[in-house]
Each structure stands twice: as structure tokens, then as C-alpha cells.
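To start, the structure itself, in C-alpha cells.
To find a chain, count down the sequence lines: A is the first, B the second, and so on, and within it residues start at 1.
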Amino acid sequence: MQAAFFEGAGQIIVKEVPTPQPSESEVLVRVHYCGICGSDLEAYQSGFYEHGMIIGHEFAGEIIALGEAVHGWSVGDKVTAEDSLPCGNCWFCKQGRQVLCRNLSITGVTFNGGMAEYVSLPVDILHRLPENVTTRQAALAEPLAVCLHGIRRSSLKVGDIVLVLGSGTMGLLMLQCAVLAGVRSVFVSEVNPVRASLTRELGAKAVFNPLEDNLVVEINALTDGLGPDVVYVCTSNSSAYQDALNLVRAGGQVFVLGLCVEPVPTDFLSLVMGEIDIQGGYLEHGEIPAALDYIAQKQVRVEPLISREIRLDEVVKYGFKELLKPDTEAIKILVSFEGGTP
Amino acid sequence: MKLGDKEYLQEVLKRSNADQAYRELAKGQFESYTLVLEAVPDKGINENIVLGFDCQDGEFIEVWEGSRPTMFTLTAPYGTWVDILRGKLGATKAITMRKLNVQGPILQLLKGANRVLRWVEILQTIPTEFEGDFAQYNLS
């Protein structure tokens, strides 16, 4: 089979390898679609994934073979998978904080992922797709689940005012999750006009361009001078992190989902004087079923986020390199495998 | 000249750049500011006034009316600005009391508080007309 291997910074190599055989507790999934994630892009630039792994943790497909000990699953089941496999035994797992597991396996990072024609997976991390969710849509269930995890971890309350910094895949999903959570208004900061336009379509009350607008002036005018209750940072752009501290209301929360791999100068005096909370969110655990249901119920729209489908052999040229262009208008690029059912 | 109009802004630029003490204190600072003078309708100030200043290494290189991205945004009701310009309320006290809201890396602003205080002294020398009920406090 063909698969995309991570071989270090700037090196994603597509090569032919033997199709994996499922162990007795695994199933073999024929992948239909696999998305390129922001963390894949960061790893491509910085090299922080394990070398020699098949990447891909946003994927969906169908089961084509079952291990001998697998029950309750059938060939032909359409599935997607959790992005990680916690040990279940460590202190964090026992506290219900599986994302912080001390022996965490991460799909496409520490074990082979779904940027391949086939992937063999333990059934513990599988989720069956609802009838009306396509594998193309389900490839976005994982990033949606991460956003749901973020909403749950953040201090957001019904009636709050929210600012989302950045409207790539995570920003656009976080925007929709915030609306679902019952916020009063969501504002978005985004430079790219195409993405900005999409944010309005997906429920943003107002969109600002941080290169042209004074966000403090604009947002204060819409919030009685208070600022947003929660600011979600959904970009790797380092300037957004200080912006978040400037913009959040006193006593509010900055919630970070973006993966910024540069040092960010931080004015902790602002944080102290404003009694501002900063919190982070990473991966997800157990939020995939909710994500799939929201997609099935059309309460979260993922199709508008899919910019294009490419072939596996195009993953670097038309995937990673396109998404790393500063002026890219692409949001989510999916690798489509032969036999995918749109 | 009227607080915040074009003539006033040009005078701020001229007097600030002519003040050696200010230039010395602000040397090495590369900052831009937005000042928001908030409307106080019941005292005759019906709209916000938004002003911008770009100060590079102690020299004001541009002033403008309206909203642009800047490093700092300082917001207060019109009357608070009048109190500061009259010397009735100190700028650092206004910040500490949160009568004057600073959004931006406040540490940088407060570490150079002397330049801020000197700048306020410069503004206090400008003959300034205030609007609405605040006209009684005009600076001559």
C-alpha cells in the first residue's frame, strides 16, 4: 500500500509498504479521506513527530478485515478514530484526564496513522459513523472533537461574549461550537478575506482584520467597553497571544488551542492586574461521538471548510506546501484515496 | 484649538518633538498609541473621539484621527482625559484606579512612566478647548 511517512522536518515521504495485518484486537480500515492537520504542519516545519511513522490523525474509512478477537464490528462499517490511546491506568487517566496520560499513544504521531491506503487500529479508539455522515465529513470529526474538548475545558458560559483569533479549521469549528454552547456573540479576528467571509456565514457577529482594525477599539465598542469573556486562540501566529491578553475582559479567560512553536513575549503584569486566566486545550478524549452527532444533525457544518481533495502523491506539493503559504486561502485539505465515497 | 482635532494633533507632534526632555526619556521606545475619548452624552459629548500616535525612538512620526492597530490603546471617558489635562488627576493614578483603561503590554508602559508623565506635561501646555459641559475647563 501507499503511505505518507514522517521522516523529519520538511520530509514527508510517500512510499510503498506492505499492507498491515490487524492483530487479534484490531481491525483493518481502508481509508477514504485523511486531513492535513495544523499540528502536522508544525511538525513538518519543526520536526517534532517521531520519525518513520505514518502521519494522519484526521481520517475516516471502512472496515475491511477484523482481528480474531474483535466482536461488535463488521466488515463494511464506516468508522473514524480517536486521536489518541491513553493507558487507562496512570494517575491522570484515573482522574479522567486521559489527554494528560503518562503513557499516551497518539495516532499518526507515536503509532501509524491514517495517511495511508490502509490502517490497522485497536477497536477501542474506533467510532461508527451515523448513517447520514459521509467519510469525507467524518475526516473532520477529530478537529471538531478537539474544539468540543476546548469548549468543555474553558470557562465559557451561556450568554458569554467570545472572540476567536484565527479562522482556519480550528477557528471555524470553535466559532460554531461557541454558537452551539449558547454564547451571545462571537467575534473573529482574521486577515484572510475568504476565511473572514466564511466566518460570517458560519455565525460570527463581526469579523475584524488585525492588520487594519484596532481590535481593542472595535470590540470595546461592541461590548460596553468590557471586552470578550473568553478569547480562543486558534492560530500559531505568535502576535495573537499578546493580542489575546490585551483584548480579553478583566477577569476573563484566554484559552489556547493553537500550536505556537515560537517563544512569545508575555506581559504577565497585564495578566496579574487583570486577573486573567490562561488555559490550554490539547487533543480530545471521548468527544468524537458528540462531534459525529453534531455533523449528522447539521448543527456543525464541516463541508464549507473543505477546500480541496488531493491524491496521496500530491500531499507535499498541493497539501503541506499550499497550507504553509502565508496567503493561502485553503482551510482543510483532504487526501482522498481511491474508492472514497463522497 | 479643540481637543483631538487636526490642528491639535499637529501641535502635539510639534511640541513633543521639540521637547528634549521627552525625547531623551522616550529614546529607545518604539510604540504606537490609540487614545479613545469616550462619549459622555449627558455632558454634551455625543461621540467617541479616537486619536492615534506613532512614536519611534523618542520622535513622533505620525499622528492621526480614527482607529488603526497600535501597540497600546488607552480608553477613558472624555471627562477623565479633561481631568488629566487639567492636572486634577495624575495619569499613573488614573491607570492604577482603572479610570484610564490600558490595553497593551502595560509593563512596558509603566516601566517608562516618566516619559508618559512628561508627555502629559507637554499636552498641558497646549491651549485647548474642550467640548460640552467641559468647556468651562478650557486650557489657555
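Across all their heavy atoms, L202(A) and P304(A) have their closest contact at CD2-CG, 4.5 Å. Residue D40(A) comes nearest to G35(A) through the heavy atom pair OD2-O, 4.1 Å, listed as atom of the first residue, atom of the second, then distance.
Residues C260(A) and V264(A) meet the side-chain proximity criterion, which asks for heavy atoms closer than 4.5 Å. Side-chain contact between K332(A) and L334(A) is present, with at least one heavy-atom pair separated by less than 4.5 Å. In this structure, the side chains of Q253(A) and V231(A) stay at 4.5 Å or more apart for every pair of heavy atoms. Taking 4.5 Å as the limit, every side-chain heavy atom of C55(B) sits out of range of all side-chain heavy atoms of F53(B). At least one side-chain heavy atom of V254(A) sits less than 4.5 Å from a side-chain heavy atom of V256(A). For the pair F187(A) and S185(A), the minimum side-chain heavy-atom distance is below 4.5 Å. Looking at heavy atoms from C-beta onward, C177(A) lies in side-chain contact with L144(A) at the 4.5 angstrom threshold.
For chain A, the nearby part of T75(B) is the side chain; its heavy atoms alone come within less than 4.5 Å. Only the side chain of N220(A) comes within contact range of chain B, with heavy atoms under 4.5 Å apart. Heavy atoms closer than 4.5 Å to chain B are found in the backbone of L247(A), but not in its side chain. Only the side chain of Q242(A) has a heavy atom closer than 4.5 Å to any heavy atom of chain B. Looking at N246(A), both its backbone and its side chain come within 4.5 Å of chain B, counting heavy atoms on both sides.
A salt bridge is defined here as a Lys NZ or Arg NE, NH1 or NH2 lying under 4.0 Å from an Asp or Glu carboxylate O, and E62(B) with R68(B) meets this definition. Between E65(B) and K6(B), at least one side-chain nitrogen of the basic residue sits less than 4.0 Å from a carboxylate oxygen of the acidic one, meeting the salt-bridge criterion. Taking a cutoff of 4.0 Å between a charged side-chain nitrogen and a carboxylate oxygen, E201(A) and R301(A) qualify as a salt bridge.
Within residues 105-115 of chain B, the residues having any heavy atom closer than 4.5 Å to a heavy atom of chain A are P105(B), I106(B), L107(B), L110(B), listed by residue number. Residue-level contacts of residues 145-168 of chain A with chain B do not occur; threshold 4.5 Å between heavy atoms. Proximity to chain A among residues 25-44 of chain B is limited to T34(B), V36(B), judged by heavy-atom separations below 4.5 angstrom. For a heavy-atom cut-off of 4.5 Å, chain A lies close to no residue in residues 129-140 of chain B.
Other residues, nucleotides and ligands contribute more than 12 heavy atoms inside 6.0 Å of the CD atom of Q299(A). With a 6.0 Å radius and a threshold of 12 heavy atoms from other residues, nucleotides or ligands, R98(B) has its CZ atom at or below the threshold. Within a 6.0 Å radius of OH in Y318(A), other residues, nucleotides and ligands contribute 12 heavy atoms or fewer.
No side-chain N or O of T73(B) forms a donor-acceptor pair with one of Q103(B) less than 3.5 Å apart. No side-chain N or O of D83(B) forms a donor-acceptor pair with one of T80(B) less than 3.5 Å apart.
Chain B forms more heavy-atom pairs under 4.5 Å with one residue of N209(A), V217(A), D213(A) than with any other, namely D213(A).
Between Y22(B) and F60(B), the ring centre distance stays below 6.0 Å.
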Worked check of side-chain contact (heavy atoms from CB on, under 4.5 Å) between K205(A) and V186(A): CA-CA 6 Å; K205(A) 186 169 182 181; V186(A) 186; 6.0 Å; no
